[in-house]
Amino acid sequence: MRMVDLIAKKRDHIELTTEEIEWMIRNYTDKVIPDYQMSAFLMAVVFNGMTPAERLALTQAMVGSGEVVDLSAIEGIKVDKHSTGGVGDKTSLILGPLVASMGVPVAKMSGRGLGHTGGTLDKLESISGMTIELDMERFIEQVNEIKLAIIGQTGNLAPADKYLYALRDVTATVESIPLIASSIMSKKIAAGADAIVLDVKFGAGAFMKTLEDAKQLAQAMVEIGRDAQRQTVAFLTDMNQPLGLAIGNALEVKEAIETLKGHGPKDLEELVLQLASQMVVLAKKAPDVETAYEQLKEKLHRGEAFNKFKEFVQAQGGDVAQIENPDLLPKADSIIPVKASQSGYVHQIDALSIGLAAMKLGAGRATKDDMIDMAVGVVLDKKVGDSVGEGDVLAYIHANRVDNEEAIAYIQKAYCICKDPVCPPTLIYDVIA
């Protein structure tokens, strides 16, 4: 078998066999196939796509390139959740304890953020003493004990995906739905879950900019999951404005705590309840999503989910006092209001601009080696549909730097204020199963 022949087949719209794709991924992972040949193949995929059988074969080959986590020692059906990322997306911090409070085991492996804010792990590490490194024996033990553990991904989880993504990033081959779908699903399948709930975001603050592209990606991932014998459900959700109000690591932990107490922003609470309902049904802890939704809402508003979060933080070495009193979490030196220059209604908030403002303050990473400032970020005071008077506060900057003009400019640019009233945007557009 020769790589040049596989490149030619994909160039000529000829379907590759499972054996050919397995051979290609194995030899690329082993450094036998050079980057320039794999680059040519990836570009052919960008232009010509992949069939469902090719997508599945690619996903499974990447899963097989490294360690596959065995969660069989954990009692019950393990349901994982993945978000394609967005601005202010702190859902995992709330979903984990909420779903665990229903008796569903949540054994989650998360990553760090590269962009406007940190990832789930970074946010958790804004809690003093919190460790996200557990050996597999302790990880499984903790999930069996309290139904929840969140740790960093093992370095040997789908290594072929890591090599391929690094190459795609520098060869303009990231924007391919089959490659994105296979990349995401290879890590989810390798992480050992029995079922997977996907939150596929679209809009200004998301990787997928249009609803149509997001729908294609969601359908591709659901098909891969189903063909790999994993129950998979995908939500299509709006990311044209930030989720919730807080953007920034400790700020998002504070908002997650408020939501776990039943006092969070309505859009964040609704998304969490909808995602959690599907997870609970897939775990066979409720007969249907309507029943699950009501039970979960009760857990949220009775404080059971918050108590589970405290239990989880304590189990992983975190300072529970900071959870009981979020004012003890990292705080910025200054809070600066950003005010409206005109009256009207908020028609649009460019989520990407808000994310970039948070990044300029130090809340995110431009490169993987950048240090994050846990205390800084942005807290919105107005969302789409809200009325605004001239001089009203649109958002607050939480800053540790003296020069914040660039961040302020990003926030002012993000807000579009018009005279006519407008309804808040739809949050969940579709559910694909």
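Just so it is clear, the structure is predicted and the values come from calculations on it, not from any experiment. Just the heavy atoms: all of them, side chains too, but no hydrogens, waters or symmetry mates, feed the values below.
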- [ ] Start with the C-alpha gap between Leu300 and Lys297, add the side-chain angles, then the distance that decides, and say whether side-chain contact (heavy atoms from CB on, under 4.5 Å) holds.
- [x] CA-CA 5 Å; Leu300 208 58; Lys297 197 167 184 178; 5.6 Å; no
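- Here the two rings, on Tyr429 and Phe202, have centers that are under 6.0 Å apart.
- In this structure Ala158 satisfies the side-chain contact (heavy atoms from CB on, under 4.5 Å) test together with Asp161, Ser186, Lys187, sequence neighbours excluded.
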TODO: Could you go through the side chain to side chain donor-acceptor pair (under 3.5 Å) check for Glu270 and Gln274 one step at a time?
DONE: CA-CA 6 Å; Glu270 181 62 19; Gln274 293 287 352; 2.8 Å; yes
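- A heavy-atom distance below 4.5 Å is not found between the side chains of Val87 and Leu243.
- With hydrogens and angles ignored, the 3.5 Å screen pairs no side-chain donor or acceptor of Asp386 with any backbone N or O of Lys382.
- For the atom pair CD1 of Ile224 and CE of Met185, the computed distance is 6.5 Å after rounding to the nearest 0.5 Å.
- Comment: Arg55 does not engage Asp227 in a salt bridge, judged by the lack of any side-chain N to carboxylate O separation of less than 4.0 angstrom.
- Side-chain contact between Leu148 and Ile150 is present, with heavy atoms from C-beta onward closer than 4.5 Å.
- Within the 4.5 Å cutoff, the side chain of Ile323 has heavy atoms near those of the Ile127 side chain.
- Residues Lys81 and Thr91 have side chains that bring a donor and an acceptor to within less than 3.5 angstrom of each other.
- For the atom pair OG (Ser101) and CD (Glu311), the distance works out to 10.5 Å, reported to the nearest 0.5 Å.
- Side chain of Arg230 to backbone of Ala228: a donor-acceptor contact under 3.5 angstrom is found.
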TODO: Apply the test salt bridge (Lys or Arg N to Asp or Glu O under 4.0 Å) to residues Lys215 and Glu212: give CA-CA distance (whole Å), side-chain angles for both, the deciding distance (0.1 Å), then the verdict.
DONE: CA-CA 5 Å; Lys215 191 169 187 176; Glu212 186 53 42; over 6 Å; no
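- Looking only at side-chain heavy atoms (C-beta outward), Leu394 and Asp381 stay at 4.5 Å or farther from each other.
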- [ ] Go through Val45 and Thr173 one step at a time and tell me if the side-chain contact (heavy atoms from CB on, under 4.5 Å) criterion holds.
- [x] CA-CA 9 Å; Val45 171; Thr173 53; over 6 Å; no
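- Smallest separation of non-hydrogen atoms from Ile432 and Val222: O-CG2, 3.7 Å.
- In terms of modelled atom types and a separation under 3.5 Å, the side chain of Thr291 and the main chain of Pro287 share no donor-acceptor contact.
- Evaluation of the ring pair (Phe, Tyr, Trp, His ring centres under 6.0 Å) rule for Tyr415 yields no partner, not counting sequence neighbours.
- The closest side-chain donor-acceptor pair between Ser126 and Asn249, if any, does not fall under 3.5 angstrom.
- To the nearest 0.5 Å, atoms CD (Gln216) and CG (Leu211) are separated by 10.5 Å.
- Atom CE in Met24 sits 6.0 Å away from atom CG in Leu16 (nearest 0.5 Å).
- The side-chain hydrogen bond (donor to acceptor under 3.5 Å, both in side chains) contacts involving residues 128-144 comprise Ser128-Gln322, Arg138-Glu141, Arg138-Glu145, Gln142-Gln316, where partners must be two or more places apart or lie in separate chains.
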Exercise answer: donor-acceptor pairs, residues 339-349 side-chain atoms, under 3.5 Å, sequence neighbours excluded:
{"unit_1": "Gln342", "atom_1": "NE2", "unit_2": "Ile417", "atom_2": "O", "d": "3.2"}
{"unit_1": "Ser343", "atom_1": "OG", "unit_2": "Glu390", "atom_2": "N", "d": "2.9"}
{"unit_1": "His347", "atom_1": "NE2", "unit_2": "Asp420", "atom_2": "O", "d": "2.6"}

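- The number of heavy atoms from other shown groups lying within 6.0 Å of CD (Gln314) does not exceed 12.
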Task: Step-by-step side-chain contact (heavy atoms from CB on, under 4.5 Å) determination, Met279 to Leu95 - done: CA-CA 9 Å; Met279 292 174 74; Leu95 262 178; 4.0 Å; yes
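- Taking Gln412 as the reference, nothing meets the side chain to side chain donor-acceptor pair (under 3.5 Å) condition, with sequence neighbours excluded.
- Listed for the Asp392 side chain is a donor-acceptor partner under 3.5 Å among the backbone atoms of Gly389.
- Residues Ile180 and Arg168 form a side-chain contact, since some pair of their non-hydrogen atoms from C-beta on lies under 4.5 Å apart.
- Using a 4.5 Å heavy-atom cutoff, the side chains of Thr84 and Met208 are not in contact.
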Task: Pair Glu255-His263, side chain to side chain donor-acceptor pair (under 3.5 Å): steps then yes or no - done: CA-CA 9 Å; Glu255 187 166 87; His263 308 305; over 6 Å; no
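- Using a distance-only test at 3.5 Å, with no hydrogens or angles considered, no donor-acceptor pair links the side chain of Gln295 to the main chain of Ala292.
- When side chains are defined from C-beta on, Met43 does not count as touching Thr171, because their heavy atoms never get closer than 4.5 Å.
- Between Val104 and Ile77 the shortest side-chain heavy-atom distance does not fall below 4.5 Å.
- Without hydrogens or angle criteria, Lys78 side chain to Ile74 main chain gives a donor-acceptor distance under 3.5 Å.
- Checking side-chain atoms of Ser65 against main-chain N and O of Ala160 turns up a donor-acceptor pair under 3.5 Å.
- Side-chain atoms of Lys383 come within 3.5 Å of backbone N or O of Gly244 as a donor-acceptor pair.
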TODO: Would you please test Asn400 and Asp373 for side chain to side chain donor-acceptor pair (under 3.5 Å) and show each step?
DONE: CA-CA 8 Å; Asn400 281 331; Asp373 186 337; 2.8 Å; yes
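- In this structure, Leu329 CG and Glu252 CD are separated by 12.5 Å, a value rounded to the nearest 0.5 Å.
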Open item on the list: side chain to side chain donor-acceptor pair (under 3.5 Å), that's the test. Do Lys201 and Ser83 meet it? Break it down for me.
Closed with: CA-CA 7 Å; Lys201 298 186 178 299; Ser83 168; 4.6 Å; no
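- One distance of note links NZ of Lys162 with OG1 of Thr29; it measures 10.5 Å at 0.5 Å rounding.
- Residue Lys266 places its NZ atom among 12 or fewer non-hydrogen atoms of other residues, nucleotides or ligands, all under 6.0 Å distant.
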TODO: Give the intermediate values and the outcome of side-chain contact (heavy atoms from CB on, under 4.5 Å) for residues Leu268 and Lys90.
DONE: CA-CA 9 Å; Leu268 177 60; Lys90 70 283 293 176; 3.6 Å; yes
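- For Asn325, there are no side chain to side chain donor-acceptor pair (under 3.5 Å) partners at least two apart in sequence or on another chain.
- The neighbour count for Lys147 NZ, taken as heavy atoms of other residues, nucleotides or ligands under 6.0 Å away, is above 12.
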